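Just so it is clear, the structure is predicted and the values come from calculations on it, not from any experiment.
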Amino acid sequence: MSVLVFAESSEGKFKKSALEVTSYGKKVAEQLGTNVVVLTINSSDPSILYNYGAEKVLTVTNNALKIFNAKIVANIVKQAAEKESAQVVIIDSNANGLYFAPMVAANLNAGFASNVIALPSATAPFTVKRKTFSNKAFNNTQILTDIKVIALAKNAFGLVENKVSGASEEFSPVLVESNLVSTSIEQTSGKVTIADADIVVSGGRGLKGPENWGMIEELASVLGAATACSKPVSDLGWRPHSEHVGQTGKPVSSNLYIAIGISGAIQHLAGVNSSKIKVVINTDPEAPFFKAADYGIVGDAFEVVPKLIEKLKEFKAINA
Amino acid sequence: MKILVCISHVPDTTSKINFTENNAKFDSNGVQYVINPYDEFALTRAMWFKEKQGATVTVATVGNVTTEPTLRKALAIGADDAIRVNTEALDGFTVAKELSEVVKNGGYNLVLAGKESIDYNGGMVPAMLATILGYNFVNACIGLEIEGDKATISREIDGGKEILSSNLPLIIAGQKGLVEEKDLRIPNMRGIMMARQKPLTIVESSNGNATTSIVSFEKQAAKSACKLVSADNVDELINLLHNEAKVI
Ligand SMILES: Cc1cc2nc3c(=O)[nH]c(=O)nc-3n(C[C@H](O)[C@H](O)[C@H](O)COP(=O)(O)OP(=O)(O)OC[C@H]3O[C@@H](n4cnc5c(N)ncnc54)[C@H](O)[C@@H]3O)c2cc1C
Ligand SMILES: Nc1ncnc2c1ncn2[C@@H]1O[C@H](COP(=O)(O)O)[C@@H](O)[C@H]1O
């Protein structure tokens, strides 16, 4: 018996989410009175995982896996789960994790819960709390099968240091065939992505036009943040679709979300609810966003944002 | 090309979310149901293949009789026929198993679904369906072209996009980008009239065992009031974010 965690790495390095799922997996294993096993593919050095409780790390090294293929990875996770007699399999909520996690569940004939935000509230029957109705509510779901597959929501659990003297072991799974071929990858390099960002700076229709995004980008760059926007802003073509956040756009679960010139429509708030702290800057004190925010400034973005940038630069200079 | 579009019947995005029966059930009182927004993108793309490439388009949902108006709306938008698998959709895996029978029996070679239902938010049905059937699958699809038996697919990845190629049969889970917002169609009178005549077949469920069960719901906890800072005092905001919220 064991708990199997998949820790995603990119160019050999672990993402923060890999440490988060490992932290979580360790605690689930403690609840079940068993061990955690962490599976990695083409990572250069697994030892950082020991700091988060990974007692055993399975390392798969194979050049054929340089380019992600969901079917192949899902099948590798299945093989690892069988080898380790995993009771629970835990996967992150990055784009790749969201893609292959349900395939793992189908492979293992296991019940699946995605968007999980906390440790199981009970282990028999196995019950987890998950986000539902697009962040407007939660449900408590029992997974009824012997094996359970969980996708942990981003930033829901956080990192928990838990140093163990772990060990790694090479694992050489069989790779299944796939005729789904990746022909190219376009990466917008150098920019912080909404998915990975701790801070997100977002602009709405209140900014009047795409020419005014300079200050949004500057604020984001001072904070090391990703930029985002409301749906009409991307519909109008002011910003790319990939920046659209909300119920029908990207979900945001950053530590800090700064909404500038965004009214706070229910569909927008649904997507940003899981951000820990929300700040709103809006000329209209009646804007619904003030009901959802932790901090707010009633004011004109064109005056407030440049001042904020200037003061933040001073702050960063002192606190860097 | 035989296309199946998987339609999830969901509360409209503006719905107030409430629960009844001691938080065990969603309160559908006064709630408007719609085609899941992501599935609408998929359906719209399917209509393009129908009009430009002569595809036939079937829509399917797993659900009880209350989902039929949503299927009729899809027919009014232009789908040729509809299938309803007559069972309560309580578990995504079970829904995928039901849909796999529909795909096998109908011989569909392109299945278009949405990346997520906005009520359950499983993000699981299409991936599981593909795994059960052994079909290729692409998630978070933002572009799809078909030529003969070959598909070119774009998928959103963290911080960019990936282009893939595949033969049919294929299953994709779509989102905005697959078509643009402005391409979405509102059913017109003629479409609504025609939809009444189009076949809506009810098939019995294969009654798989549920793999998960929702025991209760909870609403988001009420938030404490927003702290307002004067526009002339952005230093105070920085101070609060640094010392109180500890996020910068
Ligand atoms: C099915 C469906 C799905 C949807 N999904 C999403 C979604 O995923 N994400 C999303 O964002 N929306 C979504 N929407 C749209 C949503 O309902 C709102 O229309 C949208 O969020 C409004 O965007 P906004 O706040 O930028 O614009 P507006 O509502 O126009 O608000 C602009 C705000 O800017 C303020 N303002 C004006 N000038 C200034 C200034 N100088 N300084 C500061 N503030 C200023 C105004 O007071 C106002 O509050 C969806 C709608 C539907 C029907
Ligand atoms: N009950 C259902 N009937 C038909 N298709 C469904 C059903 N539930 C989900 N789907 C499809 O699967 C996609 C993802 O849903 P989910 O896995 O519930 O997030 C939806 O966008 C639909 O295309």
- [ ] Using non-hydrogen atoms and a 4.5 Å limit, figure out which bit of A/K250 sits close to chain B: side chain, backbone, both or neither.
- [x] side chain
TODO: Enter the distance from A/I266:CD1 to B/I17:CD1 here, rounded to the nearest 0.5 Å.
DONE: 7.0 Å
Open item on the list: What I want to find out is whether B/D158 reaches A/K15 closely enough, with some N-O distance under 4.0 Å, to be called a salt bridge.
Closed with: yes
Task: B/K223 atom NZ, over 12 foreign heavy atoms within 6.0 Å - done: yes
Task: Part of A/N319 within contact of chain B (heavy atom distance under 4.5 Å) - done: side chain
- [ ] Indicate whether the side chain of A/N179 and that of B/N136 have a donor and an acceptor atom separated by less than 3.5 Å.
- [x] yes
Task: Centroid separation B/Y120 to A/F133 less than 6.0 Å - done: no
- [ ] Can you tell which part of A/N109 gets under 4.5 Å to a heavy atom of chain B, answering side chain, backbone, both or neither?
- [x] both
Task: Contact origin within A/K276 toward chain B - heavy atom pairs under 4.5 Å - done: neither
Open item on the list: With a 4.5 angstrom heavy-atom cut-off, is it the side chain or the backbone of A/A110 that approaches chain B, or both, or neither?
Closed with: backbone
Open item on the list: Which atoms of A/D294 are under 4.5 Å from chain B, going by heavy atoms: the side chain, the backbone, both sets, or neither?
Closed with: both
- [ ] Measure distances from A/I143 to the heavy atoms of chain B and classify the residue's part below 4.5 Å as side chain, backbone, both or neither.
- [x] both
- [ ] Go through the atoms of A/E186 and report whether side chain, backbone, both or neither lie under 4.5 Å from a heavy atom of chain B.
- [x] both
Open item on the list: When you measure from the side chain of A/S134 to the backbone of B/I118, do you find a donor-acceptor pair of N or O atoms at a distance under 3.5 Å?
Closed with: yes
- [ ] Would you mind checking which part of A/L308 comes under 4.5 Å of any heavy atom in chain B, side chain (CB onward), backbone (N, CA, C, O), both or neither?
- [x] both
Task: Interface moiety of B/N23 toward chain A, non-hydrogen atoms closer than 4.5 Å - done: neither
Open item on the list: Would you say B/S213 and A/Q142 are linked by a side-chain donor-acceptor pair, where the criterion is simply a distance under 3.5 Å?
Closed with: no
- [ ] Identify which part of B/I157 has an atom lying under 4.5 Å from any heavy atom of chain A, answering side chain, backbone, both or neither.
- [x] both
Task: Residue pair A/Q247 / B/T13, side-chain donor-acceptor N/O under 3.5 Å - done: no
Open item on the list: Please classify the contact of B/I153 with chain A as side chain, backbone, both or neither, using a heavy-atom distance under 4.5 Å.
Closed with: side chain
- [ ] Identify which part of A/I67 has an atom lying under 4.5 Å from any heavy atom of chain B, answering side chain, backbone, both or neither.
- [x] side chain
- [ ] Check whether A/L223 gets within reach of chain B through its side chain, its backbone, both or neither, counting any heavy atom under 4.5 Å.
- [x] side chain
TODO: Name the region of A/S254, side chain, backbone, both or neither, that has any atom closer than 4.5 Å to a heavy atom of chain B.
DONE: neither
Open item on the list: Counting only non-hydrogen atoms closer than 4.5 Å, does A/T193 touch chain B with its backbone (N, CA, C, O), its side chain (CB onward), both, or neither?
Closed with: side chain
Task: Heavy-atom closest pair, residues A/K311 and B/I238 - done: CB-CD1, 3.4 Å
Open item on the list: Heavy-atom cut-off 4.5 Å, strictly under: side chain, backbone, both or neither for A/A105 against chain B?
Closed with: both
